[in-house]
Amino acid sequence: MERQLISRIAHSAHPVAAPLSDETVRRLIDRAVGAGTGRVLDLGCGEAPWLLRALAAHPQLRAVGVDDDAEALGLAQHGAESLGVSRRLGLHHQDAREFSLPEPFDVVLCVGATHAFGGLLPTLAAIRRHLAPGGVAVVGDGFWERQPSLEALAGLGGAAAGEFTDLASTVQRAVVNGWTPVHGHVSSLSEWDDYEWSWTGSLAEWALDNPAHPDSAEAATIAAEHRAGWLGGYRGTLGFVTLLLRRAA
Ligand SMILES: C[S@@+](CC[C@H](N)C(=O)[O-])C[C@H]1O[C@@H](n2cnc3c(N)ncnc32)[C@H](O)[C@@H]1O
């Protein structure tokens, strides 16, 4: 089953494709965009839930989203038209690592898509190339709530313990690279549970609802394996932090 299709189905009933509640997303957007008169870029925007929420709540804001999943961008465009914000949204179907526009952005987001750049620091370097002086970076990435057990690493599909560090070290890595945290949110266990139930449940339901589809059995297996890897492995070990960062002028 194609990875992007799995992700689209699994995330279909959740506010964003990361363990954050609707209310948390709203608060982080409001904090990042301030007066709401600037330009926002989302690298790895998916169906652009962050941008659609930001544009709907801030009528003077303009936004650009970049993703290499054409179908997700199609859904983003459809969502923008339904909300009446499509004239203020530009969508680019391309590798986010290669994206460039001459005019910098006041806010640059990359939440749950840091793997596209190879981790937190390369993501921050990419964000910096697009950020206007005084602008705000919004980056969401994993960290270890506790030292991962072998079961936790196996539950994450054979992740390496070195893939993440603890929360303090994660934040410090941004700080030593010249960023100042101006706000942040650590996803609660309840946000994680909601995200994982939604991820596994949406995929399992899709399999139940489409028994004749050639991908049905595989979708059911992926949902079951993911649920087992989460409940029996990384639940309470993998954390997620969303940081709002600025740089000195
Ligand atoms: C977990 S989703 C996060 C989507 C969105 N940021 C959100 O919070 O809902 C990760 C997204 O990154 C995109 N992606 C991964 N690698 C990419 C790349 N090299 N260039 C552009 N998009 C990429 C995927 O297609 C997917 O839409």
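Remember, it's 1-based here, ligands and their atoms both numbered in the order they're listed.
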Original post:
For the atom pair CG (Leu203) and NE2 (His226), what is the distance rounded to the nearest 0.5 Å?
Top reply: 9.5 Å

Original post:
How far does CZ of Phe143 sit from OG of Ser187, to the nearest 0.5 angstrom?
Top reply: 8.0 Å

Subject >> Short N-O contact, Arg146 and Asp166, less than 4.0 angstrom >> reply: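 No, no charged N to carboxylate O under 4.0 Å.
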
Subject >> Contact check, Glu47 vs ligand 1, heavy-atom distance below 4.0 Å >> reply: no

What is the nearest protein non-hydrogen atom to [atom], stated with its residue, atom name and distance?
atom                    : result
atom 15 (C) of ligand 1 : His115 NE2, 3.7 Å
atom 12 (O) of ligand 1 : Ala113 CB, 3.6 Å
atom 7 (C) of ligand 1  : Ala17 N, 3.6 Å
atom 8 (O) of ligand 1  : Trp50 NE1, 3.1 Å
atom 20 (N) of ligand 1 : Ala96 N, 2.8 Å
atom 25 (O) of ligand 1 : Asp67 OD1, 2.6 Å

Please state which option from [options] has its nearest heavy atom closest to [atom].
atom                    : options                      : answer
atom 5 (C) of ligand 1  : Gly44, Gly112, Ala18         : Gly44
atom 23 (C) of ligand 1 : Asp42, Leu43, Asp68, Leu20   : Asp68
atom 19 (N) of ligand 1 : Asp95, Thr114, Thr242, Val16 : Asp95

[X] (side chain) donor-acceptor with [Y] (main chain) under 3.5 angstrom:
X      : Y      : answer
Asn177 : Arg173 : yes
Ser7   : Gln4   : no
Arg88  : Leu61  : yes
Ser216 : Asn210 : yes

Original post:
Is there a donor-acceptor contact under 3.5 Å linking the side chains of Thr37 and Gln60?
Top reply: no

Original post:
Are Glu196 and Tyr234 close enough that a side-chain donor and a side-chain acceptor fall under 3.5 Å?
Top reply: yes

Subject >> His11-ligand 1 polar pair, N/O distance under 3.5 Å >> reply: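 N/O-N/O distance under 3.5 Å: no.
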
Original post:
N/O to N/O below 3.5 Å, does that happen between Ala116 and ligand 1?
Top reply: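 N/O-N/O distance below 3.5 Å does not exist for this pair.
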
**OP:** Please find out if less than 6.0 Å separates the ring center of His130 from that of Phe99.
**Re:** yes

**OP:** Taking the six-membered ring for Trp and the full ring for Phe, Tyr or His, determine whether the centres of Trp199 and Trp192 are under 6.0 Å apart.
**Re:**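 No, the ring of Trp199 stays outside the 6.0 Å limit from the ring of Trp192, centre to centre.
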
Specify side chain, backbone, both or neither for [X], according to which of its non-hydrogen atoms lie closer than 4.0 Å to ligand 1.
X     : answer
Pro49 : side chain
Ala72 : neither
Gln94 : backbone

Original post:
Looking at Asp69, which atoms of ligand 1 are within less than 4.0 Å of one of its heavy atoms?
Top reply: 25 (O)

Original post:
Which atoms from ligand 1 have a heavy atom of Gly46 less than 4.0 Å away?
Top reply: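 Every atom of ligand 1 under 4.0 Å from some heavy atom of Gly46: 27 (O).
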
